[in-house]
2 protein chains.
Amino acid sequence: MKKISSNKVFGGEHAQYTHWSEANNCEMTFAVFLPPQMDDLSELKKVPSLYWLSGLTCTDQNFMQKAGAFKRAAELGIAIIAPDTSPRGENVPDDENQAYDLGLGAGFYLNASEAPWREHYNMYDYIVKDLISDVDEHLNLSTSRAISGHSMGGHGALTIGLKHPELFGSISAFSPICNPTNSPWGKKAFSAYLGEQQDTWLQYDACHLLEHATEPQAILIEQGSADDFLDEQLRPESLMQVAQKSGHSVQLHLREGYDHSYFFISSFIEQHLEFHAKYL
Amino acid sequence: MKKISSNKVFGGEHAQYTHWSEANNCEMTFAVFLPPQMDDLSELKKVPSLYWLSGLTCTDQNFMQKAGAFKRAAELGIAIIAPDTSPRGENVPDDENQAYDLGLGAGFYLNASEAPWREHYNMYDYIVKDLISDVDEHLNLSTSRAISGHSMGGHGALTIGLKHPELFGSISAFSPICNPTNSPWGKKAFSAYLGEQQDTWLQYDACHLLEHATEPQAILIEQGSADDFLDEQLRPESLMQVAQKSGHSVQLHLREGYDHSYFFISSFIEQHLEFHAKYL
């Protein structure tokens, strides 16, 4: 694991690292925020962390530069880990039309089974295995973790969080793709990465996973009412219906007039940090 | 004046506008943050504003997306106006080598006297005349204003603020170029835009202007100790010496370990908003 940049911010540190991912079969870049408490705590009392999964077209830097999360994270003593959104590099295939919603910048937090994607597009295993294990080994954080994300990354946070309550104690999402098997973005990506057998898609659909979840988890969803993708792509109402039917508790904040941008995320990220802090 | 984008943020609005600039002889883009108080106040009680001048390579968006200023600005009821850093467009010349520190993205907040720059590179008049007058006419803000900026924009804030106490009641700057006539960035830009007659440069040098300032003004400077440009380009110690010699009061916060980036700005922008709020 190699540190490639470092900046002091709110008394803590923002840094970028590269490391080899077995799952993605390529070098990956991720960013971290380490709160100032890191310096004061003993080995016995480590700081917890929030894993943030970004949306389509993003890198490890969008959240770090635009979310305005560090002030409150520094106060609460929470580290933030922000991976890239897809494998990258010379040997990694992209969509032939370089579409923004497939290939580079559009990994969808799944393990691809189809050519030409399956050799590198395994973001699910990358997060759950490679990233967590390298962070645990090198950064001296506690194993108390939360997960959150935006849009495609909200889908990632919901699905990975629901499948791994042993790794993540609380889940939140901004403008998540809640039901990708019924959204144009999800259908396009899942067809390409997973093939046309739609029953294999369900393991990456938050609605399906919540319906079959056995362990209660704390889930908070933030959604802007002026989000251009709300009706066609995101479908939070589908997730709320499943929650109600299956007896799971999901908090949905519908925010009047807010859109899909980081201006929206920045307006409510502190509330999400406070939500997660209750469980960390 | 045409609105080209709008986002709700912290209960207020981030928006971008384009308008014609007589000074720059081209269409200019600028961004604003309008706090939620705009909706509640009567014509008689308008909100004050902070003009933010960005550094080399920036547009109207860097501060708006990265500074994390809106939460506190919304609480304090301060609007923020962020212009671009140079003229732009098809007819606007750039440096022949497309250097980052001359031409596009590098207007240095002066009025150029030399060819090929003088037709368009008049950012000083653009701020002081065109921008303020269009904002005043269209956005319904009070005439109580503060000015701040970063690096080249810190130079802009200091020089424009010092020359116009009637327009700006308080001045602050992050990592400003304090003495451009003695810095490589300043010498390169002033030679090109103003010619080799160095006495014409002094009207755009904060050290010279502070030495001859007759009106006391509130000035706050934030500087990181790990800033790579500190010794060669920025020289805050020169400004502090002039302040001491001439009896002007300038507060300098030297911040241990912070660099030249927006991570630094975001860490202290709230304190600058609070500083300006005392005078607005």
Side-chain angles (χ1 to χ4, degrees), chain A residues 5-16 31-36 38-39 58 61-75 80 82 174-175 222-228 230 253-274, chain B residues 5-16 31-36 38-39 58 61-75 80 82 174-175 222-228 230 253-274:
Chain A
S5 81
S6 172
N7 313 88
K8 190 168 178 181
V9 61
F10 283 105
E13 183 190 11
H14 164 266
Q16 290 176 285
V32 301
F33 168 73
L34 302 176
M38 296 280 293
D39 298 333
C58 290
Q61 281 299 289
N62 299 63
F63 182 83
M64 293 308 198
Q65 296 191 16
K66 296 181 176 180
F70 299 151
K71 184 188 181 197
R72 197 77 187 103
E75 289 165 353
I80 300 172
F174 290 77
S175 336
E222 208 77 30
Q223 176 63 55
S225 74
D227 186 326
D228 288 338
L230 178 52
H253 295 161
L254 192 65
R255 301 295 186 178
E256 188 61 31
Y258 286 89
D259 61 23
H260 200 68
S261 69
Y262 265 89
F263 294 114
F264 167 56
I265 297 172
S266 68
S267 299
F268 299 102
I269 188 66
E270 293 199 348
Q271 294 184 26
H272 281 238
L273 288 164
E274 286 153 17
Chain B
S5 81
S6 171
N7 314 87
K8 190 168 177 181
V9 61
F10 283 105
E13 183 190 13
H14 164 266
Q16 289 175 285
V32 301
F33 168 72
L34 302 176
M38 296 279 293
D39 296 334
C58 290
Q61 282 299 288
N62 299 62
F63 182 83
M64 294 308 200
Q65 296 191 15
K66 296 182 175 180
F70 298 150
K71 183 189 182 198
R72 197 75 186 104
E75 288 165 353
I80 300 171
F174 289 77
S175 338
E222 207 77 28
Q223 176 62 56
S225 73
D227 186 324
D228 288 339
L230 178 51
H253 296 159
L254 192 65
R255 301 295 186 178
E256 187 61 33
Y258 285 88
D259 61 23
H260 200 69
S261 69
Y262 265 89
F263 293 114
F264 166 56
I265 297 172
S266 67
S267 299
F268 300 102
I269 189 66
E270 294 198 349
Q271 293 184 26
H272 281 239
L273 287 164
E274 286 153 16

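Reminder, nothing fancy here: chain letters follow the sequence lines and each chain counts from 1.
Ranked by heavy-atom pairs under 4.5 Å with chain A, the first of G68(B), G257(B), A67(B) is G257(B). Between chain B and the options Q65(A), K66(A), K8(A), heavy-atom pairs under 4.5 Å are most frequent for K8(A).
Partners of E270(A) under the side chain to side chain donor-acceptor pair (under 3.5 Å) rule, at least two apart in sequence or in another chain, are K71(B).
Using cut-offs of 30° and 60° for the angle between ring planes, the F263(A) and H14(B) rings count as parallel.
The side-chain heavy atoms of L273(B) and E75(B), taken from C-beta on, include no pair separated by under 4.5 Å. Looking only at side-chain heavy atoms (C-beta outward), I269(A) and R72(A) stay at 4.5 Å or farther from each other. Counting heavy atoms from C-beta outward, D227(A) and F264(A) have side chains that stay 4.5 Å or more apart.
For E13(B), no part lies under 4.5 angstrom from a heavy atom of chain A. Using a 4.5 Å cut-off between heavy atoms, F70(B) contacts chain A through its side chain alone, with no backbone atom that close. With a threshold of 4.5 angstrom between heavy atoms, F10(B) approaches chain A through its backbone and through its side chain. Within the 4.5 angstrom heavy-atom criterion, atoms from both the backbone and the side chain of S266(B) approach chain A. Using a 4.5 Å cut-off between heavy atoms, S225(B) makes no contact with chain A at all. Both the backbone and the side chain of Y258(A) come within contact range of chain B, with heavy atoms under 4.5 Å apart.
Evaluation of the salt bridge (charged side-chain N to carboxylate O under 4.0 Å, His left out) test over residues 254-264 of chain A, restricted to residues two or more places apart or in two chains, returns E222(A)-R255(A).
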